[in-house]
Amino acid sequence: MLFGKTKKIVEDKEAEIKLNLSNNYKDAAYKSFLEFVSVIKDLRNDGKISAKDFDKLSSRVEEYRKKFRNYIN
């Protein structure tokens, strides 16, 4: 389970994606998605996210990847 600053970082990035999607800002939403993926990988490499949490977040990443399938060049 995510705690403290790590949880806030992940939640903020995901909220940014959702906000941009709800406002139909596709380019900004896709950019936020790429940042979300990068943040998750960085936190995993730094040891701030456990393997179990990383798997859960990876499933969210795949869900977003499906949404962005038509946006990706």
With F36, the side chain to side chain contact (heavy atoms under 4.5 Å, CB included) member among V39, I40, L34: I40
On the 0 to 90° scale, with breaks at 30° and 60°, tag the F68-Y30 ring pair as parallel, tilted or perpendicular. perpendicular
Report yes if the side chains of L19 and Y25 come closer than 4.5 Å at any heavy-atom pair, otherwise no. no
Does the side chain of N24 come within less than 4.5 Å of K26's, by heavy atoms? yes
To the nearest 0.5 Å, tell me how far D46 CG sits from R44 CZ. 11.0 Å
For the pair E62 and R65, find out whether any cationic side-chain nitrogen is under 4.0 Å from an anionic carboxylate oxygen. yes
Over 12 foreign heavy atoms within 6.0 Å of CZ, F54: yes
Within 6.0 Å of CG in D27, more than 12 heavy atoms from elsewhere: no
Side-chain donor/acceptor of D53 to backbone N/O of I49, under 3.5 Å: no
Please name all residues satisfying side-chain contact (heavy atoms from CB on, under 4.5 Å) with E35, sequence neighbours left out, ordered by chain then number. K13, E16, K31
Side chain to side chain contact (heavy atoms under 4.5 Å, CB included) assessment of V37 paired with Y64: CA-CA 10 Å; V37 172; Y64 285 122; over 6 Å; no
Heavy-atom closest contact (N20 atom, S32 atom, distance): ND2-OG, 3.2 Å
